[in-house]
Structure formats: C-alpha cells, structure tokens
Amino acid sequence: MSEDSPRVLVVDDDPDVALLVKTVLERRAGCIVDVAGDGLSAVERVAAMRPDVVVTDIEMPGLSGLELLAELRRTVPSVPVVVMTAHVSVEYAVSALRAQADEFLTKPLDNGKLVEAVMRLVEEGRRRREEARKPERVLAIGAHPDDVEIGVGGLLAAHARAQDEITILTLSRGARGGDADSRQNESLASADMLGARLFLKDLVDTEISGGGSTVRIIEEVVQEIQPTIVYTHSSHDRHHRDGCRGDPDVVGPRPSDLTHRAGGGRGRHRPRRHGGRGRPHGTRGP
C-alpha cells in the first residue's frame with residue numbers, strides 16, 4: 001500500500017466485528033486499517049495515526065461511540081466519522097446525527113455500503129483538511145544564485161501548488177560563477193515562476209562567512225517573513241566552493257545539499273535527501 005492509501009481507524013469492543021470491518025476495507029478498498037477496542041484508546045490512536053476516517057460502534061464500555069464522536073468533533077473536527085450499531089431505532093439515528101456523525105450504518109453491515117461510505121468520506125475529509133489548512137510561510141536560503149532552485153526547486157514547486165507563501169533569500173549575486181547580471185535575471189525569472197518573493201543580496205560570494213553580515217541578513221529576513229518552514233544548506237557538506245569559509249549550515253557550499261530545516265508541511269511535503277552528503281534535519285520556524 002502507498003502513502004496515499006486511505007487510513008481508517010475502526011473502533012469496536014467486539015473483536016470479531018472489528019476484524020470483519022478491517023478485512024473488508026483492506027481487501028476491497030485498499031485501506032490501511034488500525035483497530036481500537038474502546039473509545040479511550042481510540043482517542044490515543046487518532047492522535048498517533050491521523051486517520052482519514054473513523055468507523056465506530058456506539059455501545060462500548062468506558063467512552064461510548066457518541067462520546068467519542070463528540071471528542072473527535074472537538075479535537076479533529078475535519079475527520080469524518082461513521083457510526084455503526086446493531087440497534088435500529090430513530091433514537092439512535094437522531095443522537096448520531098445531532099453529534100454530527102457523517103454516516104450511520106446498521107449491523108449486520110452491508111459490505112458494499114460500508115466501502116462506499118468510507119471511500120466517499122475519505123475524499124470529503126481530505127477536502128475539509130485542505131480547506132481548513134493555513135498556508136505555510138516558506139523561506140529557502142541559498143549562498144549563490146540557482147542554489148535554491150537546483151537544491152529544492154521541486155519542493156518549492158509543490159509548495160507553490162499548495163498556495164504556500166514562498167520567499168527565496170540568495171546571499172550573493174554569484175559573480176564568480178558567471179555574469180552577475182545574467183544570474184540575477186535567472187533568479188528573478190525562477191522566483192516569478194514560483195510566485196516567490198526574492199531577496200537578492202550583495203555579499204561577495206568568495207567571502208561569505210558563518211557570522212557577521214551573513215547572520216545579520218538572514219536574521220533580518222527571518223524577522224520580516226516569520227517563516228514556518230525553512231530550507232537551507234546542509235551542515236554535513238564540507239566542500240567549500242568558491243573559497244567560502246565558515247559554518248556550512250549558513251554558507252551552503254553546494255546546491256545539491258540544500259536540505260529541509262523545518263517540521264512543516266502538515267504531512268503533505270516530506271523532504272527527502274537531495275543528493276550529495278546532506279541529510280534532512282528539522283526545526284520549526286519562529
């Protein structure tokens with residue numbers, strides 16, 4: 001199963017029913033299914049697995065299905081919930097609807113209706129989360145023109161598609177790597193394609209250090225942007241291009257070693273290793 005497979009949490013104190021629902025959803029819908037035997041453990045599992053849909057029984061010891069539903073509406077309101085019960089009555093149905101259940105199924109379950117309801121609600125839940133999602137403020141820092149575009153261009157394109165706010169900070173105009181005006185125009189064009197804001201600074205590319213003016217420039221941009229996600233060069237690369245010296249985590253000697261330095265993305269973008277010797281390492285933005 002892929003990372004995009006629907007993730008479903010089944011909550012039922014009857015292990016036979018839970019196994020049946022799990023098996024049907026895995027085999028007929030390709031879902032990744034976890035099981036909780038009661039409402040209290042379900043609350044913990046929801047926080048751990050972040051399901052696309054929760055399927056729960058009503059009558060359970062401890063936290064009932066309707067009490068679980070109320071808790072989920074408080075903590076993760078975008079997650080759809082299917083309520084199932086063996087007691088067919090108007091009272092149960094009304095109670096479930098008042099608690100904002102997304103679907104009400106009766107036992108014995110109709111497997112076809114179960115699969116149809118879950119798959120429909122998977123799409124609905126993902127749509128809700130996307131609509132509720134706040135845009136990330138992304139800052140990508142490169143020592144030279146094209147460092148950011150080459151190192152994390154694909155990730156920035158994904159952020160652009162997600163309508164995140166993108167800012168690129170390039171510390172030098174890269175005169176040693178070619179014509180400075182041409183490289184500046186290329187940087188401007190790349191930023192325009194991404195819908196990104198560009199800060200193009202004038203540090204001498206052979207004299208960028210890990211302190212002083214370098215840190216001051218980065219601090220000024222960070223203060224203005226207040227990023228939630230930051231991409232910068234890896235500290236694991238020791239190849240100091242163009243005579244650059246100082247902390248490689250700031251200087252960033254090689255574009256292939258631009259790596260992720262924030263824990264953002266809310267699960268949507270998973271930064272990978274981008275060649276060279278760099279390793280992704282995460283810290284949240286301010």
Side-chain angles (χ1 to χ4, degrees), residues 1-58 60 62-85 96 99-133 136 154-155 158-159 161-162 260 263-273 280 282:
M1 297 182 183
S2 70
E3 291 184 358
D4 292 330
S5 297
R7 303 180 68 85
V8 180
L9 176 64
V10 176
V11 190
D12 201 308
D13 60 326
D14 186 332
D16 293 332
V17 173
L19 178 61
L20 172 63
V21 175
K22 173 181 170 68
T23 302
V24 169
L25 293 177
E26 287 178 340
R27 293 183 179 179
R28 296 182 58 173
C31 296
I32 298 172
V33 182
D34 200 357
V35 174
D38 58 72
L40 291 175
S41 60
V43 173
E44 297 177 355
R45 293 305 305 145
V46 166
M49 74 173 293
R50 299 182 180 181
D52 292 302
V53 175
V54 174
V55 180
T56 182
D57 190 22
I58 286 184
M60 296 182 294
L63 200 68
S64 72
L66 294 182
E67 290 171 331
L68 170 63
L69 175 56
E71 176 65 14
L72 295 179
R73 286 292 169 258
R74 184 182 69 83
T75 57
V76 282
S78 64
V79 175
V81 179
V82 177
V83 170
M84 54 185 181
T85 181
Q100 300 180 25
D102 294 276
E103 188 68 56
F104 185 81
L105 299 178
T106 58
K107 299 176 182 178
L109 295 172
D110 180 314
N111 292 345
K113 290 182 178 179
L114 170 66
V115 171
E116 186 279 328
V118 167
M119 296 308 293
R120 171 169 49 81
L121 291 175
V122 164
E123 296 303 318
E124 172 67 16
R126 291 178 176 179
R127 182 188 64 79
R128 290 177 190 172
R129 287 197 300 276
E130 191 61 29
E131 289 178 352
R133 173 186 171 273
E136 300 282 4
L155 282 172
H159 282 296
R161 288 194 297 271
H260 178 264
R266 292 185 175 85
R268 296 174 309 105
H269 309 308
R270 296 181 176 270
R272 304 270 192 249
R273 185 169 175 173

Using the side chain to side chain donor-acceptor pair (under 3.5 Å) criterion, which residues pair with Asp57? Sequence neighbours excluded.
Lys107
The test is side-chain contact (heavy atoms from CB on, under 4.5 Å); show your working for Asp38 and Asp13 and say whether it passes.
CA-CA 6 Å; Asp38 58 72; Asp13 60 326; 5.7 Å; no
Could you tell me whether the side chain of Leu114 reaches within less than 4.5 Å of the side chain of Met84, counting heavy atoms only?
no
Report yes if the side chains of Asp12 and Thr56 come closer than 4.5 Å at any heavy-atom pair, otherwise no.
no
Heavy atoms of Glu103 and Ala117 approach each other most closely as CG-CB, 3.8 Å
Least distance between heavy atoms, Val118 atom then Cys31 atom:
CG1-SG, 4.5 Å
Report the residues that fulfil side chain to side chain donor-acceptor pair (under 3.5 Å) with Asp102, sequence neighbours left out, ordered by chain and then residue number.
Arg73, Arg128
Does a side-chain heavy-atom distance below 4.5 Å link Val82 with Leu105?
yes
Short question: side chain of Asp52, backbone of Arg7 - any donor-acceptor pair under 3.5 Å?
yes
Measuring from Leu68:CG to Ser41:OG, what's the distance to the nearest 0.5 Å?
9.0 Å
CG of Asp34 to CZ of Arg45, rounded to nearest 0.5 Å, is 4.0 Å
Nearest heavy-atom neighbours spanning Gly62 and Glu67
O-OE1, 3.6 Å
Heavy-atom closest contact (Arg126 atom, Asp4 atom, distance):
NH2-O, 3.0 Å
Nearest 0.5 angstrom please: Asp14 CG to Leu19 CG, how far?
10.0 Å
Salt bridge flag under 4.0 Å for residues Glu116 and Lys113:
no
Apply salt bridge (Lys or Arg N to Asp or Glu O under 4.0 Å) to the pair Lys22 and Glu26, showing each step before the final yes or no.
CA-CA 6 Å; Lys22 173 181 170 68; Glu26 287 178 340; 2.8 Å; yes
Nearest atoms (heavy-atom pairs only) where Pro51 meets Arg129
O-NH1, 4.3 Å
In this structure, CG of Leu20 is separated from CG of Leu25 (nearest 0.5 Å) by 9.0 Å
Quick one: closest heavy-atom pair of Pro6 and Gly30, and the distance?
CD-O, 4.0 Å
Looking at side-chain heavy atoms only, is the closest gap between Val46 and Glu71 below 4.5 Å?
no
